[in-house]
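Each remark here refers to the structure printed beneath this line.
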Amino acid sequence: MPDYSKHTDFFDSVYQVVRMVPYGRVTSYGAIANYLSTPKSSRVVGWAMNAAHSIPDVPAHRVVNRNGLLTGKMHFSSPNEMQLLLEKEGIKVINDQVQNFKSLFWDPTKELKL
DNA sequence: TGTTTGACTGGGA
DNA sequence: CTCCCAGCCAAAC
């Protein structure tokens with residue numbers, strides 16, 4: 001296991017934002033990165049989500065890329081699980097693409113407006 | 001210790 | 001509109 005003694009804050013911040021995503025809504029890595037004042041570090045958010053497997057309270061299935069594409073579905077227990085969870089929340093997913101993504105999109109910097 | 005990769009994004013062609 | 005390229009930072013090799 002890596003040493004998280006210094007970077008737990010960033011990861012934890014990502015988890016907090018993801019946890020704030022309302023039911024039936026989705027957000028993007030960039031939105032989370034932007035909320036953390038690090039819009040250029042959107043990739044690191046992806047890594048944070050990779051580590052989110054240890055955090056059961058983090059709905060990683062609500063995090064997609066800016067295109068609304070389920071890019072991270074392959075990292076779940078089952079590739080179908082991410083889409084399944086989204087559909088269970090009333091989100092339609094066709095060909096790994098979130099339908100009506102623009103309306104379902106939840107931007108923490110705009111909606112939360114801390 | 002140096003290089004490569006990745007659940008991304010924005011801008012340019 | 002789609003496709004390609006560079007930047008970014010942490011983890012893995």
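Here is the naming used below: chain letters follow the sequence lines, and residue numbers restart at 1 for every chain. Note: hydrogens, waters and symmetry copies are ignored here, and every other heavy atom, side chains too, is used.
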Subject >> Side chains of Asn80(A) and Ser78(A), donor plus acceptor under 3.5 Å >> reply: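 No, no side-chain donor-acceptor contact under 3.5 Å.
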
Original post:
Between the side chains of Gln83(A) and His61(A), does any donor sit under 3.5 Å from an acceptor?
Top reply: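 Their side chains do not contain a donor-acceptor pair, so the 3.5 Å distance test is not met.
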
Distance, rounded to the nearest Å, where [X] contributes [atom1] and [N] contributes [atom2]:
X: His75(A); N: dA12(C); atom1: NE2; atom2: C1'; value: 13 Å
X: Trp47(A); N: dA12(C); atom1: CH2; atom2: P; value: 6 Å
X: Asn50(A); N: dT5(B); atom1: CG; atom2: C1'; value: 12 Å
X: Asp96(A); N: dA7(B); atom1: CG; atom2: P; value: 14 Å
X: Phe10(A); N: dC8(C); atom1: CZ; atom2: P; value: 15 Å

Original post:
Of all residues at least two apart in sequence or in a different chain, which pass the side chain to side chain contact (heavy atoms under 4.5 Å, CB included) check with Arg66(A)?
Top reply: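 Partners of Arg66(A) under the side chain to side chain contact (heavy atoms under 4.5 Å, CB included) test: none.
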
Original post:
ring-ring contact (aromatic ring centres under 6.0 Å, His included): which pairs involve residues 78-107 of chain A, sequence neighbours left out?
Top reply: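 Pairs touching residues 78-107 of chain A that pass the test: Phe101(A)-Phe105(A).
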
**OP:** State plainly whether the residues Lys73(A) and Glu81(A) are in salt-bridge range, i.e. N to O under 4.0 Å.
**Re:**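 No, Lys73(A) and Glu81(A) are not salt-bridged.
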
**OP:** Check whether any side-chain heavy atom of Val93(A) sits under 4.5 Å from a side-chain heavy atom of Gln97(A), and report yes or no.
**Re:**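 No, their side chains stay 4.5 Å or more apart.
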
Please tabulate, one pair per line, each protein N/O and nucleotide N/O from nucleotides 8-10 of chain B that are separated by under 3.5 Å, including the distance.
from	atom 1	to	atom 2	distance (Å)
dC8(B)	OP1	Thr71(A)	OG1	3.4
dC8(B)	O2	Ser42(A)	OG	3.2
dC8(B)	N3	Arg43(A)	NE	3.0
dC8(B)	N4	Arg43(A)	NE	3.1
dC8(B)	N4	Arg43(A)	NH2	2.1
dT9(B)	OP1	Gly30(A)	N	3.3
dT9(B)	OP1	Arg66(A)	N	3.1
dT9(B)	OP2	Arg66(A)	N	2.8

Original post:
When all nucleic acid strands are considered with a 4.0 Å heavy-atom cut-off, which category describes His53(A): base, sugar-phosphate, or nothing?
Top reply: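 His53(A): base contact, heavy atoms under 4.0 Å.
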
Original post:
Ala60(A) near the nucleic acid: base, sugar-phosphate alone, or nothing, with a heavy-atom cut-off under 4.0 Å?
Top reply: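 Base, at least one base heavy atom under 4.0 Å.
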
